[in-house]
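First up is the structure itself, then whatever we jot down about it.
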There are 2 protein chains.
Amino acid sequence: MTKNPKQPTMIDVAHLAGVSPMTVSRALKPNTSVSEATRSKIRAAADELGYVLDSTAAGLSSRRTGFIAVTIPSINNANFADTLRGLTQVLRATNMQVLLGYTDYDVAEEERLVEQFLRRRPEAIIVTGHAHTDRCRRMLEKCGVPVIEMWDLPENPIGQVVGFSNAQAAKLMVDHFVGQGYRKIGFIGGDPSRDTRGQDRRQGFLAALEAHGLDTSRMIAAQRPPITMREGAHSMRLMLEKWPDIEALMCVSDLSAFGAMTECQRQGLRIPDDIAIGGFGAYDLAEQALPPITTIDVSSENIGRIAAQVIQNLLSSEATKTSETIHRIEPKLLARDSSLRHTER
Amino acid sequence: MTKNPKQPTMIDVAHLAGVSPMTVSRALKPNTSVSEATRSKIRAAADELGYVLDSTAAGLSSRRTGFIAVTIPSINNANFADTLRGLTQVLRATNMQVLLGYTDYDVAEEERLVEQFLRRRPEAIIVTGHAHTDRCRRMLEKCGVPVIEMWDLPENPIGQVVGFSNAQAAKLMVDHFVGQGYRKIGFIGGDPSRDTRGQDRRQGFLAALEAHGLDTSRMIAAQRPPITMREGAHSMRLMLEKWPDIEALMCVSDLSAFGAMTECQRQGLRIPDDIAIGGFGAYDLAEQALPPITTIDVSSENIGRIAAQVIQNLLSSEATKTSETIHRIEPKLLARDSSLRHTER
DNA sequence: CGGTCAGATGATATCGATAACAGTTTCCAG
DNA sequence: CTGGAAACTGTTATCGATATCATCTGACCG
């Protein structure tokens, strides 16, 4: 193999095509005034040399990097993956590149990521949730590009928001349970100190129980989030030991709901006859499980799509001064067999 | 709000600290000869101004962008998510940033992504699988940075490989089925023309059946990959209509296996007494399902970890000339209740 | 006490593109 | 024909950092 053959630059292309570098730069972009003859001559030259534009240099010069930075809590989570898909699908048209990082539900890690990302001079930054370290919040406030918080409704938004009320979502489930006649209702979630969205659901759950005048003691806190199917099953065992009289159970996510449900089935309990189960997130799994699991749909993919559109607006139109700051999603209950009384089916 | 306050640059920091920009540059990197006094003075100045390094400029100048480009078929796939996690965990220490793109199992989209990525001047590029368009392959060969193909064992590798034989993995399952006494064995996968890994599994499956002298007709090809739980269920219905005598079924992934299994259960068939089921990928779901599903573990996370280590070697040590090119992973069968005769349990 | 050398700092020249403006050609209305 | 707008192309000056080499201290040694 030869010495590093050194990638050709725009100057090389310009020489070969017999034009100036500036013309090459223009020829390789759409919507620029370059004659068709010149443009194709330049394209040919670029092809011949195997030229590939250097967006690092382009970004430095034009001050537009084409990066959108995004932090999500976890990559192994169908909900956030859906959000990401919605986001990239919309952004693809604009040739924006997502810089993705995951925080593992840790605000310190989020701070680290945000700092890394800001060095890349993204044109916008999207973070999940409202909980940030002080320093992280300060960086976001001062970074000079649009900031979006998603999957939550922060009390003090940094910039734009695309999210929903986790508490309200939990209330939907409680109301549904109560409507079905269940009274002894429990909750399984992760360690409240880390996953703020899970924590908000827990609070909303408790508030809703209290509003109905129901007992709020049936709570299990598992390990650090995200809690898995296995931890759902384990928590279910604890729940059944401690409160064998439980009639209905809400889990912080569909995964733990599935784990809890299979544990019940292993113990010979029938769903929903012996225990009703509800999850969160509208995973495929909840629909395909036997029986299908009642869940809350927050249209994860839509969150991503809307966030992308917000960014496009903010970046393109100059005038549209912060048209709207809060883009609120309405969680929807999907009532399924896992919580429906026979008479209702 | 004021005019865009303009982010401070290294020059601003240098002025405030009373040193030259070059010294600031050095002070902000570890392992550089700057006196402790100067360094802390500079740190203070940087903090005061809220200075954030511009890695775009740094990358242009140093010709080290810190990017590792990675393409995977799908983001909504626990296996690839695991690979990604392994990758980033190892890379975190080196301060490398992953540029992630997903191809939707489409080589044309892969080509588009690779081209986009090469513009960012990544220091290495990782692609999933061995199937590429001609142009994409050419770009990868000529890009001048290490290329890794993963999740496969290409016949003509472009550079390094971290993968396993999908055919061999499928053979493991067939051998297991045969060992358990099953003879009428079927396969459910996606449209063979797109997902090459799924296709390789299908071929390996057929070859193994033939090696055992068994009938190879029980094949269902579903929609374009990735095939979901729902499509697994739908394919199972077709399978049962066409070949009601089927004794054992392998699915191209655990998700479709779960869908197929629940469909059987809905139809009143018992697993494994009436039909044995095997999946692929060692998803959590396969372990938690009722009954747990036999599957193939290819240690997805390990693939990512190894790929990251290969990159670290290639980038750090100058001498270690392409030490090894193929890093082969051994798929492992995880035999579970969904395919175990009662006597074996 | 002169010489050598490592450590600390600075000056200068890029890295590869694009912005902004300047110049040239084309083309057509008047 | 001619003025002038529109279309095309070129020149120059950055963008914000780092590589490289030069310079300047002192410390240490025989």
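Only a predicted model underlies this, so the values are computations on that prediction, with no experimental measurement involved. To find a chain, count down the sequence lines: A is the first, B the second, and so on, and within it residues start at 1.
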Side chain of [X] only, please: which of [options] is the nearest?
X: R26(B); options: dG16(C), dT9(C), dA19(D); answer: dT9(C)
X: M22(B); options: dA17(D), dT20(D), dG10(D); answer: dT20(D)
X: V19(B); options: dA17(C), dG10(C), dA7(D); answer: dG10(C)

Does [X] put a side-chain nitrogen or oxygen below 4.0 Å from OP1 or OP2 of [N]?
X: T23(A); N: dG10(D); answer: yes
X: T38(B); N: dT9(C); answer: yes
X: T9(B); N: dC15(D); answer: no
X: Y51(A); N: dA17(C); answer: yes
X: S20(A); N: dG10(D); answer: yes

Tell me if a side-chain donor or acceptor on T94(A) pairs with a main-chain N or O of M96(A) at a distance below 3.5 Å.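 No; judged by distance alone, with no hydrogens or angles, the pair does not exist.
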I326(B), CD1 atom: more than 12 neighbouring heavy atoms under 6.0 Å: yes
When the distance from [atom1] of [X] to [atom2] of [N] is rounded to whole Å, what number comes out?
X: L118(B); N: dA17(C); atom1: CG; atom2: P; value: 14 Å
X: R119(B); N: dA17(C); atom1: CZ; atom2: P; value: 11 Å
X: L28(B); N: dA8(C); atom1: CG; atom2: P; value: 16 Å
X: N31(A); N: dA6(D); atom1: CG; atom2: P; value: 18 Å
X: L60(A); N: dT14(D); atom1: CG; atom2: P; value: 14 Å
X: E36(A); N: dA7(D); atom1: CD; atom2: P; value: 15 Å
X: R63(B); N: dT20(D); atom1: CZ; atom2: P; value: 11 Å
X: I42(B); N: dG10(C); atom1: CD1; atom2: C1'; value: 12 Å

Taking the basic N atoms (NZ, or NE/NH1/NH2) and the acidic carboxylate oxygens, is any pair closer than 4.0 Å for R112(A) and E109(A)? yes
If the threshold is 4.0 Å, N to carboxylate O, is there a salt bridge linking D82(A) and R85(A)?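 Salt bridge: yes.
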For S62(B) and G18(B), find the nucleotide of DNA chain C closest to each by heavy atoms; which residue's nucleotide sits nearer the 5' end? G18(B)
Both S35(B) and R121(B) contact DNA chain C. Which one's nearest nucleotide lies toward the 5' end? S35(B)
Between the side chains of H132(B) and E149(B), does any donor sit under 3.5 Å from an acceptor?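 Side-chain D/A pair, H132(B) to E149(B): present.
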